[in-house]
Amino acid sequence: MAAVRTALVIGGGIAGPVTALALRRAGIEATVHEAYTGTADGVGGQLTIAPNGLAALAAIGADEPVWAAGQPMDRTVMADGRGRPIGEFPGLPGLPPSRAMWRSDLYRALRDHATAHGVPIEHGRRLVGVDEDADGVTARFADGGTARADVLVGADGVASTVRTLIDPAAPAPRHVPLLNFAGAADVAVPAEPGTAYFTFGRRGFLGYWLEPGGRTSWFGNLPHREPMTIAEARRVPPAEWLRRLREAYGDDVPARDLLRHTPPERLAALGTLQIMQSVPRWHRGRMVLVGDSAHAPSPSSGQGASLAMESAVELARCLRDLPDAPSAFAAYERLRRARVEKVAARAARTNAGKTMGPAAVAMMRLLMPLATRTLLTPERTLGAEQRHRVDWDSPVAVP
């Protein structure tokens, strides 16, 4: 029997509710403590849950609400800014399609599922300190309250407070010089349902897919040298951002039509991208990190949320099977670190492609047909990532 019976989960975004659900399935009572006083409905852009993320959710009985929240994507098409094809990637055989959705829809699906299954979620609980002793860990919050449990899990994102409590010298998130935008256009551009399109224009990258009901969901990146927070990006009026975006994308296809039909209220300016550098310490004593607080690859990976779900399930599995928190945390890191850092490295290479100039895009058009038949087949590039499964029913071995 595992010694851990209770857990505090810090952070109520995506990783937090999944972690609490996984811990509950492992027989550990978990409460989620979220810093913000309100929910995150309507916050964020789009993301994709890959087959490996769906499998992690299925292991803890949390996949059905996510299936319902998203759209199946079983093909990817790449093109240049003039609409000329560069390459095409089908989904991997034998796997279900990825699910594309707005982050707010994923958040709501997971939050509702967690609360329906008895997970308490407390808002307005901003962590400011932790006290550990031989019997447990006590979290101190900005509102003056405290909470106590056997372990504390930091699921509090790239700006993690728990990470700095574990290691005051821990690295901060790294700025990626790309502005991030998301929008919904009131137009159905020529596209096939179930297909994600990636276009490389003269000055920026843009992806899109059709939504039910005639809209097109799109997301874009523009080069931007200086860091910009989400708060700073939101201080710029959406109409002004749309003006700048129309100027930057110019006559790129279909960016010009998508931007022309995107009303200001359906544009999300998300600031510059942030990713985590390799975090030296994932755990200390009774504290451990999960999700973006430990490993936040660029959104270019298409794996950020899926890796967080895997890690949540793997952590719960280790706490279920090993005799104490230190041995469980060490096994968890051993099972996860190499995988997440390999995905992060691939995403960093993908980011470089989003800032290519016209000459590089033209070269990619020439080389991609051969590359997709040899070095860049879907199986070679994504097979190891998307076919990965956390074996919930298999006991974790002591190293």
Side-chain angles (χ1 to χ4, degrees), residues 11-15 34-36 38-48 100-107 126 155-161 163-164 170-185 198 201 203-208 217-249 255 258-259 262-277 279 291-305 307-308 344 347-348 350-355:
I14 303 302
E34 167 56 45
Y36 290 102
T39 65
D41 293 292
V43 175
Q46 306 96 327
L47 49 74
T48 299
M101 64 196 72
W102 286 83
R103 184 191 184 281
S104 57
D105 293 336
L106 175 64
Y107 163 81
R126 185 174 297 279
D156 47 347
V158 294
S160 173
T161 297
R163 185 173 63 242
T164 60
R174 185 167 67 83
H175 158 71
V176 177
L178 291 169
L179 279 174
N180 196 19
F181 298 92
F198 296 162
R203 294 181 60 186
F205 165 85
L206 186 136
Y208 63 98
S217 179
W218 64 268
F219 52 95
N221 299 128
L222 291 178
H224 189 81
R225 186 178 298 275
E226 298 300 322
M228 178 180 287
T229 66
I230 293 178
E232 291 169 337
R234 287 177 177 171
R235 286 198 284 270
V236 177
E240 171 61 18
W241 275 129
L242 283 170
R243 185 193 67 78
R244 297 185 196 179
L245 287 166
R246 289 167 186 149
E247 179 180 293
Y249 283 104
L258 292 174
L259 290 165
T262 298
E265 63 272 16
R266 293 205 188 100
L267 176 73
L270 304 171
T272 47
L273 296 176
Q274 287 185 310
I275 61 175
M276 275 310 304
Q277 305 172 67
V279 175
D292 284 355
S293 63
H295 50 77
S298 165
S300 301
S301 70
Q303 281 284 347
L307 291 180
T350 302
N351 280 342
K354 291 184 175 182
T355 57

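Treat the numbers as computed from the prediction; the structure is a model and nothing was measured. Below, all heavy atoms of this structure are taken into account, side chains as well, without hydrogens, waters or symmetry copies.
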Are the side chain of Arg163 and the backbone of Ser293 linked by a donor-acceptor contact shorter than 3.5 Å?
yes

One should read off an interatomic distance between Thr48 OG1 and Met101 CE, to the nearest 0.5 angstrom, of 7.5 Å

Side chain of Asp156, backbone of Thr161: donor and acceptor closer than 3.5 Å?
yes

Any idea how Phe205 and Phe219 line up, ring-wise: parallel (<30°), tilted (30 to 60°), or perpendicular (>60°)?
tilted

Greater than 12 external heavy atoms within 6.0 Å of Arg266's CZ
yes

Identify the heavy atoms of Leu222 and Ala248 that sit nearest to each other, and give their distance.
CD1-CB, 3.8 Å

For the backbone of Arg225 and the side chain of His175, can you confirm whether one donor and one acceptor N or O come within less than 3.5 Å of each other?
yes

dist Leu273:CG -> Arg174:CZ (nearest 0.5 Å) comes out at 10.5 Å

So, the side chain of Trp241 versus the backbone of Ala233: is there a donor-acceptor pair under 3.5 Å, distance only?
yes

Look only at the side chain of Tyr249 and the backbone of Ala255, and say whether a donor-acceptor pair between them is shorter than 3.5 Å.
no

May I ask you to decide if Thr229's main-chain N or O and Glu232's side chain share a donor-acceptor pair within less than 3.5 Å?
yes

Atom of Glu247, atom of Arg203 and distance for their closest heavy-atom approach:
O-NH1, 4.0 Å

